[in-house]
K.L.:
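Got a structure here, written out as structure tokens. Questions coming.
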There are 2 protein chains.
Amino acid sequence: MTGDPAVRRRRRGAALERAILYAAVQELTESGYAGLTMDKVARRAGTNKNAIYRRWPNRTALGVAAYRELVSADPQLPDTGDLRSDALELLRRANRHWASPYGEILRDLMSSSGGAPELLAQLHDHPGDEDAVWLTVLGRAVARGEVHPEALHPRVATVAVALLRNEYSVRGTPSTPDSVIVEIVDEVYLPLVRHRGVFTGA
Amino acid sequence: MTGDPAVRRRRRGAALERAILYAAVQELTESGYAGLTMDKVARRAGTNKNAIYRRWPNRTALGVAAYRELVSADPQLPDTGDLRSDALELLRRANRHWASPYGEILRDLMSSSGGAPELLAQLHDHPGDEDAVWLTVLGRAVARGEVHPEALHPRVATVAVALLRNEYSVRGTPSTPDSVIVEIVDEVYLPLVRHRGVFTGA
DNA sequence: AATTTAAGGTACGAATCGTACCTTAATCGG
DNA sequence: CCGATTAAGGTACGATTCGTACCTTAAATT
């Protein structure tokens, strides 16, 4: 590595990995995924591409790792005592993320992953997007007696966030108005969860 | 253009455009979108890249045009007299498409479009994927008295196909088992449309 | 006939990924 | 301590193809 030999030691192992990841995060933040190049990351980290490729198989994998450093799921679930309020809050969180600069990075990474499930699975940990939080919120509504237990089904619990994803990934809208959020919750999600269990006769 | 000058005339206008498009269709079919290059299309069409760029702004646009030549929506809507059967048939059609080689081309084109709404909108004319057909099928159920008129809402009508799209574009699954199709229809779509209109009290 | 337009032909810059190879510092093991 | 091993640092480059530029020429238009 360049620099004053008397001062600079070679970084090895985890220290170098952190430096690379940090550089990638900075490049991703400043230039988006399109602007993220292996050359620039290596240069910024003060290393060379060999060290990067020794750790991440390709550019996409590095991009995904950097994105995950940037984004963390919100640790606090809404718990208002009312399912509609919880659902709206969760969906608004997801929407804020999709509509943000991070959302654009997310879309680019989804594209770059070439539909690889292992990679895509790593891209949905952002606020309001995890299947698990939707199950939790719906589970609480069941516990409150607000919804019948039969409504607690993974596909039912996640229908709202699936519809929101549809807006961004399939329709390519750069942002989704709050009216659509309210519509998804009031026209689809709530009718579905509230009426399941009432009767399911054919 | 090369060839016997006494025999070959320059193609102009629509004739050349058709030749280019035909060449692109063949390349897309044989090599997928990844294998589709402007050089190969030009060579195959017996022209050069200038002629292509005079008509299509970039590779993606040409890919989309070729894909649309390949794929046509099924003109016959299912009309079994039973909403569940119609919905299953429609969703199975869409699923067959997503799971086919055409589905892979579709995914690649969706990726390449970079989320541009105008391009993405051109990619969803395949069997069972158009919003309009789902509205039609649901409309017929309303007319038969199978479902209340209040259920006739665009977001409700399209929830099933949105969930299917989610499987392919967000989760990256290469194919979706029929059990998932049945689940989407029986656990989400039918409960939703059947119970909307029963009562919508808060 | 002169002008304009588009087709056909050729060439190339640019960009960056991923790989190969070499040198050298640092760690490991005997 | 010393030799062997490993990973870091450095350099170079092949490969690929997109998109653009420029030139010639056939065909259409004025």
Side-chain angles (χ1 to χ4, degrees), chain A residues 1-24 27-28 31-66 108-109 111-114 116 119, chain B residues 1-24 27-28 31-66 108-109 111-114 116 119:
Chain A
M1 85 191 293
T2 57
D4 190 344
V7 175
R8 306 298 298 258
R9 285 179 58 85
R10 282 187 175 187
R11 297 154 304 177
R12 294 182 72 91
L16 181 57
E17 182 163 322
R18 271 193 303 273
I20 295 171
L21 207 41
Y22 183 62
E27 286 293 324
L28 195 58
S31 315
Y33 182 61
L36 179 87
T37 70
M38 306 305 265
D39 273 327
K40 283 194 211 149
V41 172
R43 198 175 307 127
R44 191 172 204 143
T47 184
N48 72 72
K49 287 189 283 187
N50 291 323
I52 301 184
Y53 282 108
R54 222 171 267 127
R55 293 166 168 75
W56 291 278
N58 50 51
R59 178 169 167 265
T60 301
L62 179 64
V64 169
D108 288 346
L109 285 170
S111 299
S112 183
S113 70
L119 286 178
Chain B
M1 85 192 290
T2 58
D4 189 345
V7 174
R8 305 299 295 258
R9 285 179 60 83
R10 280 185 178 189
R11 296 155 305 177
R12 293 183 73 92
L16 181 58
E17 182 162 321
R18 271 194 302 273
I20 295 172
L21 207 42
Y22 183 62
E27 286 293 323
L28 195 59
S31 314
Y33 183 61
L36 180 85
T37 71
M38 307 303 266
D39 272 327
K40 281 194 212 149
V41 172
R43 197 175 308 125
R44 191 172 203 143
T47 183
N48 73 72
K49 285 190 283 189
N50 291 323
I52 301 183
Y53 282 108
R54 223 171 267 128
R55 292 166 168 75
W56 292 279
N58 49 51
R59 177 169 168 266
T60 301
L62 179 64
V64 169
D108 288 347
L109 285 170
S111 299
S112 183
S113 71
L119 286 177

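Naming convention: chains lettered A, B, ... in sequence-line order (proteins, then strands); numbering from 1 in each chain. These figures come from a predicted structure and were not determined experimentally.
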K.L.:
Please test A/Ser111 against A/Tyr33 for side-chain hydrogen bond (donor to acceptor under 3.5 Å, both in side chains), starting from the C-alpha separation and ending with a verdict.
P.N.:
CA-CA 11 Å; A/Ser111 299; A/Tyr33 182 61; over 6 Å; no

K.L.:
Of the non-hydrogen atoms in A/Ala42 and A/Lys49, which two are nearest, and what is the gap between them?
P.N.:
CB-N, 3.9 Å

K.L.:
Map A/Lys40 and A/Asn48 onto DNA chain C by nearest heavy atom, then report which one ends up closer to the 5' terminus.
P.N.:
A/Lys40

K.L.:
Looking for any heavy atom pair under 4.0 Å, which part of the strands does B/Leu62 touch: base, sugar-phosphate only, or nothing?
P.N.:
nothing

K.L.:
Heavy atoms only, 4.0 Å cut-off, all strands: where does B/Leu36 land among base, sugar-phosphate and nothing?
P.N.:
sugar-phosphate

K.L.:
Let me know the distance between CG of A/Asp39 and C1' of C/dA15, rounded to the nearest Å.
P.N.:
10 Å

K.L.:
If I take atom OH in residue A/Tyr53 and atom C1' in nucleotide D/dC13, what distance separates them, rounded to the nearest angstrom?
P.N.:
14 Å

K.L.:
By nearest heavy atom, map B/Thr60 and A/Ala51 onto DNA chain D; which one lands nearer the 5' end?
P.N.:
A/Ala51

K.L.:
Do you know which of A/Lys40, A/Arg44, A/Arg43 makes side chain to side chain donor-acceptor pair (under 3.5 Å) with A/Glu27?
P.N.:
A/Arg44

K.L.:
In this structure, how many angstroms lie between the P atom of C/dA26 and the CG atom of A/Leu16, rounded?
P.N.:
13 Å

K.L.:
Between C1' on D/dA27 and CZ on B/Arg9, what's the gap in Å once rounded to a whole number?
P.N.:
7 Å

K.L.:
Just the rounded figure in Å: distance from P of C/dT19 to CE of A/Met38.
P.N.:
10 Å

K.L.:
C/dA7, D/dA8, C/dC17: which one has an atom nearest the side-chain heavy atoms of A/Arg54?
P.N.:
D/dA8

K.L.:
Tell me, with the steps shown, if B/Thr60 and B/Ser112 meet side-chain hydrogen bond (donor to acceptor under 3.5 Å, both in side chains).
P.N.:
CA-CA 6 Å; B/Thr60 301; B/Ser112 183; 2.7 Å; yes

K.L.:
To the nearest Å, give me how far apart CH2 (A/Trp56) and P (C/dG18) are.
P.N.:
14 Å

K.L.:
Report yes if at least one side-chain N or O of A/Thr47 is closer than 4.0 Å to OP1 or OP2 of D/dG9; otherwise report no.
P.N.:
yes

K.L.:
Using a 4.0 Å heavy-atom cut-off, does A/Arg55 contact any base of the nucleic acid, only the sugar-phosphate backbone, or nothing at all?
P.N.:
sugar-phosphate

K.L.:
Tell me whether the side-chain N/O atoms of B/Arg59 come closer than 4.0 Å to OP1 or OP2 in D/dC18.
P.N.:
yes

K.L.:
State which of C/dT19, D/dG19, C/dT16 makes the closest approach to the side chain of A/Thr37.
P.N.:
C/dT16

K.L.:
Just the rounded figure in Å: distance from P of D/dT6 to CD of A/Glu17.
P.N.:
19 Å

K.L.:
Quiz question: going by heavy-atom distance under 3.5 Å, is there a donor-acceptor pair between the base of C/dT27 and the side chain of A/Arg12?
P.N.:
no

K.L.:
In whole angstrom, what separates A/Ile52's CD1 from D/dA7's P?
P.N.:
17 Å

K.L.:
Counting N and O atoms only, with roles assigned by atom type, does the side chain of B/Arg59 sit under 3.5 Å from a partner on the main chain of B/Leu36, one being a donor and the other an acceptor?
P.N.:
yes

K.L.:
Between D/dT25 and B/Arg10, counting only base atoms on the nucleotide and side-chain atoms on the residue, is there a donor-acceptor pair under 3.5 Å?
P.N.:
yes

